Each structure stands twice: as C-alpha cells, then as structure tokens.
Amino acid sequence: MEDVLTIRTERTPNPNSLKYVLGRALVPGGSANFPTPESAKGRSPLAEKIYTVPGVLGVFIGPDFFTLTRDEGVNWSSVNEVLAPALEAFFASGAPVLEGKAEVRAPMFEHNEADAGLVAKIEELLESQVRPAVSQDGGDIVFRGFEKGIVYLELHGACSSCPSSTATLKAGVESMLKLHLPQVVEVQAI
C-alpha cells in the first residue's frame with residue numbers, strides 16, 4: 001500500500017505565511033529555519049524543493065509542519081498549485097528533510113556566571129510557555145542571549161515577518177517574563 005501524503009493548511013497571524021501540517025515527523029523535537037534559498041542549499045532537500053515554487057520567500061520547518069512565507073504579490077492558489085506536486089515528488093524520492101541535525105543557535109554572547117540561574121529560568125519559561133504557542137502559529141522563538149536585563153530573542157517562520165510580532169514580543173513574552181522574573185527589563189528581537 002502506498003503512503004498517502006495528507007497536508008492540512010492552517011492560517012497564521014502573518015497574512016503572507018501559511019502553515020502546512022503533514023502529520024508526519026519532519027524535524028522531531030526541533031526546527032530549522034531557511035530564510036533564503038541559499039540557506040537551504042546542502043542543508044535541507046525539503047526546503048530546496050519548496051524554494052522551487054515561484055513566489056516563496058522563506059521556509060521554516062518544525063517538528064511535523066513547515067511554514068512557507070510568500071511574496072506579498074503572489075496568491076496562495078498559485079503557490080499551492082505548484083507546491084502540491086513538488087511535495088509529492090519530494091516525499092516519493094525518499095530524500096531526507098535535513099542533511100545532518102537541526103542547527104542549534106548559540107547565544108549571541110556569553111552571559112556572566114552570576115546570571116546563569118536566571119538564564120536557565122528564562123530558557124525554561126520560553127520552552128514551556130512561549131515556544132508551544134509560537135509553534136501553533138507556524139513559527140519558533142529562539143533564546144539568543146541575556147545582558148543587563150535585556151532578553152534577546154530570534155523569531156523564525158511566520159513570526160519573523162509578522163506585522164504583530166512586535167506586539168506579541170512586548171505584550172506577551174516581555175510581560176510574562178517580567179511577571180515571573182523581575183530582573184528582566186526588556187525583550188528585544190534580533
């Protein structure tokens with residue numbers, strides 16, 4: 001019996017990004033961001049295949065979904081018309097989603113030892129309370145550092161170019177971190 005590819009699309013808060021849920025593991029327990037076609041070359045055969053679709057500006061691959069960001073002037077039906085056969089061909093080929101493991105982004109800078117416990121709490125709150133919600137919206141949020149009360153975060157997928165991402169960071173993430181950790185004074189996206 002042939003494996004049937006079932007794809008469910010979900011809208012994201014970003015009108016130019018659409019989440020494609022495949023119901024199969026892509027990057028178990030992780031994610032991979034490919035903001036340009038060049039960033040996918042040699043790292044993700046799946047992202048390379050998706051970039052063959054005209055109008056694709058970004059590809060983010062999550063545990064069991066990927067988020068595609070399109071050029072604003074391209075309509076979704078045009079994208080999906082070309083994407084469906086490209087995905088069928090990719091999965092029929094048996095090629096891996098990623099070459100090697102998902103990239104782990106190191107912090108931008110080392111925090112001082114006095115902040116180690118605080119950084120661990122920040123990372124735990126992001127992992128348990130923020131990342132699941134951001135993943136639901138077709139993206140990811142990655143801790144990149146803490147310095148002088150400022151938490152630096154990197155947004156991926158639908159979140160990276162979403163018109164409401166600044167509000168989400170300030171009203172959502174920053175407020176939550178400040179509530180639990182008074183040492184946090186601000187959250188900044190990088």
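When a residue number appears, it is its place in the shown sequence, counting from 1. Keep in mind that what you see is a predicted model, and the values were worked out from it rather than measured.
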Under 3.5 Å, side-chain donor or acceptor atoms of residues 81-94 against the rest of the protein: list the pairs with distances, not counting sequence neighbours.
unit_1	atom_1	unit_2	atom_2	d
S93	OG	F90	O	2.6
S93	OG	A95	N	3.1

Requested in this report: Dump the intermediate steps for side-chain hydrogen bond (donor to acceptor under 3.5 Å, both in side chains) on D140 and S31, then the final yes or no.
Outcome: CA-CA 8 Å; D140 199 3; S31 66; 2.7 Å; yes
Query raised in the report: Going through the checks in order, is the side chain to side chain contact (heavy atoms under 4.5 Å, CB included) test met by H180 and Q129?
Result: CA-CA 12 Å; H180 294 283; Q129 296 191 26; 4.2 Å; yes
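Applying the ring-ring contact (aromatic ring centres under 6.0 Å, His included) test to pairs two or more places apart or on separate chains, none has a residue in residues 115-135. Evaluation of the salt bridge (charged side-chain N to carboxylate O under 4.0 Å, His left out) test over residues 54-68, restricted to residues two or more places apart or in two chains, returns none. The ring-ring contact (aromatic ring centres under 6.0 Å, His included) pairs that include a residue from residues 18-38 are Y20-F66, where partners are two or more places apart or lie in different chains.
You'll find the side chain of L181 reaches within 4.5 Å of the side chain of I122, heavy atoms only. Within the 4.5 Å cutoff, no side-chain heavy atoms of V187 are placed close to those of Y152. V59 is not listed as a side-chain neighbour of T67, based on a closest heavy-atom distance of 4.5 Å or more. With contacts defined as side-chain heavy-atom distances shorter than 4.5 Å, the pair I50/L68 qualifies. With a 4.5 Å cut-off on side-chain heavy atoms, I150 and E147 do not count as touching. For the pair R144/E154, a side-chain contact is recorded, criterion being any heavy-atom separation below 4.5 Å from C-beta on. Counting only heavy atoms from C-beta outward, the side chains of L125 and M176 approach each other to under 4.5 Å. With a 4.5 Å cut-off on side-chain heavy atoms, S39 and T36 count as touching.
In this structure, the side chain of Y51 does not engage the main chain of V56 through any donor-acceptor pair within 3.5 Å. At distances below 3.5 Å, not a single donor-acceptor pair connects side-chain atoms of S17 with backbone N or O atoms of N14. A donor-acceptor pair under 3.5 Å is absent between the side-chain atoms of T12 and the main chain of L18, judged by distance alone.
Qualifying side-chain hydrogen bond (donor to acceptor under 3.5 Å, both in side chains) partners for S135, counting only residues two or more places apart in sequence or in other chains: none. Taking the salt bridge (Lys or Arg N to Asp or Glu O under 4.0 Å) definition, one finds that E127 meets it with R131, sequence neighbours left out. Applying the side-chain hydrogen bond (donor to acceptor under 3.5 Å, both in side chains) rule to E48 yields no partners; only residues at least two apart in sequence or on another chain are considered. Taking K41 as the reference, nothing meets the salt bridge (Lys or Arg N to Asp or Glu O under 4.0 Å) condition, with sequence neighbours excluded. In this structure P132 satisfies the side chain to side chain contact (heavy atoms under 4.5 Å, CB included) test with no other residue, sequence neighbours excluded. With sequence neighbours excluded, the residues forming a side-chain hydrogen bond (donor to acceptor under 3.5 Å, both in side chains) with E10 are R8, listed by chain and number. Looking at residues two or more places apart in sequence or on another chain, you find a side-chain hydrogen bond (donor to acceptor under 3.5 Å, both in side chains) between Q188 and E186. In this structure, R70 has no salt bridge (Lys or Arg N to Asp or Glu O under 4.0 Å) partners at least two apart in sequence or on a different chain.
Side chains of N75 and S78: a donor-acceptor N/O pair is present below 3.5 angstrom, by distance only.
With rounding to the nearest 0.5 Å, the separation of CZ in R24 from CD1 in I7 is 8.5 Å. Rounding to the nearest 0.5 Å places CG of L153 at 4.5 Å from CD1 of I141. A distance of 10.0 Å separates CG of L118 from CD of E123, quoted to the nearest 0.5 Å.
Nearest heavy atom pair, residue L98 against residue S44, reads CD2-CB, 3.8 Å. Scanning all heavy atoms of the two residues, the minimum distance from Q183 to F146 falls at O-CZ, 4.3 Å. Heavy-atom minimum distance, A47 versus A40: CB-CB, 3.7 Å. The shortest heavy-atom contact between V21 and F65 is CA-CB, 4.0 Å.
More than 12 heavy atoms of other residues, nucleotides or ligands shown are found within 6.0 angstrom of NZ on K178.
Residues L57 and I61 are members of separate hydrophobic clusters, defined by side-chain heavy-atom contacts under 4.5 angstrom among Ile, Leu, Val, Met, Phe, Trp and Tyr.
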